[in-house]
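Keep in mind the model is a prediction, meaning the values are calculated, not measured. Every heavy atom of this structure was used, including side-chain atoms; hydrogens, water molecules and symmetry mates were not.
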Amino acid sequence: MKLVVAIVHDEDAHDLVLALSESKFGVTKLASTGGFLRSGNTTLLIGVEAGLVEQVLEKIKENCKVRKEITASSAMMSEASGFMTMPMEVTVGGATVFVLDVASHFKF
């Protein structure tokens, strides 16, 4: 048995959970925050048999796309003028995925 831990952008989470559920994969959704922009992420926990990991990874690839966004960044100016914000293009989306071996699995 394997545990797939997928950290995805909030915008991709709904479609991915739907795709996984439609394919009969059980998934637990956790709200999380992190990364450069401290933006909302979703962490998904998906327990699967080892032979099904590739199918899960394909669903993740199909539903979690990397994209560019414009955000404001702070640039420090002199003490008199304070802070100035400037638009900055950043890459968001995609997925960070870990596949872990599960030593034991219990359902109560």
Side-chain angles (χ1 to χ4, degrees):
M1 180 132 216
K2 302 287 186 179
L3 177 64
V4 178
V5 179
I7 304 162
V8 303
H9 194 276
D10 277 345
E11 289 181 26
D12 298 326
H14 176 75
D15 290 342
L16 177 56
V17 169
L18 187 62
L20 289 167
S21 297
E22 286 175 351
S23 296
K24 306 295 185 220
F25 291 113
V27 58
T28 299
K29 179 180 170 186
L30 306 171
S32 54
T33 304
F36 172 66
L37 299 175
R38 300 287 184 246
S39 60
N41 293 326
T42 298
T43 300
L44 303 177
L45 305 176
I46 308 144
V48 295
E49 295 300 325
L52 298 174
V53 169
E54 286 303 318
Q55 290 179 36
V56 171
L57 294 177
E58 281 304 313
K59 293 293 176 192
I60 294 169
K61 288 177 194 174
E62 291 168 6
N63 289 280
C64 299
K65 301 297 182 197
V66 175
R67 56 196 165 275
K68 303 281 185 184
E69 286 185 2
I70 303 296
T71 187
S73 68
S74 295
M76 193 157 139
M77 303 299 285
S78 70
E79 285 185 35
S81 63
F83 287 94
M84 182 177 143
T85 60
M86 299 179 64
M88 179 173 84
E89 185 177 73
V90 294
T91 302
V92 298
T96 300
V97 181
F98 302 92
V99 179
L100 310 168
D101 289 322
V102 175
S104 300
H105 168 250
F106 305 96
K107 281 190 174 186
F108 299 106

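Shown here are the side-chain hydrogen bond (donor to acceptor under 3.5 Å, both in side chains) partners of Asp12, two or more places apart in sequence or in another chain: Arg67. Looking at residues two or more places apart in sequence or on another chain, you find no salt bridge (charged side-chain N to carboxylate O under 4.0 Å, His left out) involving Lys29.
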Practice prompt. Dump the intermediate steps for side-chain contact (heavy atoms from CB on, under 4.5 Å) on Phe25 and Leu52, then the final yes or no.
Written response: CA-CA 9 Å; Phe25 291 113; Leu52 298 174; 4.0 Å; yes
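Taking CD from Glu22 and CG from Leu18, the interatomic distance works out to 4.0 Å, rounded to the nearest 0.5 Å. Separation of atoms CG (Asn63) and NE2 (His14) is listed at 10.5 Å; rounding is to 0.5 Å.
The side chain to side chain donor-acceptor pair (under 3.5 Å) with Ser32 is formed by just one residue from the set Asn41, Thr43, Thr42; it is Thr43. Screening Leu16, Val27, Leu3 for a side-chain contact (heavy atoms from CB on, under 4.5 Å) with Ile46, the sole residue that qualifies is Val27.
With hydrophobic clusters built from ILVMFWY side chains whose heavy atoms lie under 4.5 angstrom apart, Leu20 does not share a cluster with Ile7. Note on Met1: it clusters hydrophobically with Leu45, by side-chain heavy-atom contacts below 4.5 Å among ILVMFWY residues. Residues Phe98 and Val48 do not share a hydrophobic cluster, clusters being chains of Ile/Leu/Val/Met/Phe/Trp/Tyr side chains in contact below 4.5 Å.
Side-chain atoms of Lys59 and Glu62, non-hydrogen and from C-beta on, do get closer than 4.5 Å to each other. Within the 4.5 Å cutoff, side-chain heavy atoms of Ile60 are placed close to those of Val4.
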Anything under 3.5 Å between a donor and an acceptor, one on a side chain of residues 100-108, the other on a protein residue two or more places apart or in another chain? List them.
residue, atom, partner, partner atom, Å
Asp101, OD1, Lys2, NZ, 2.2

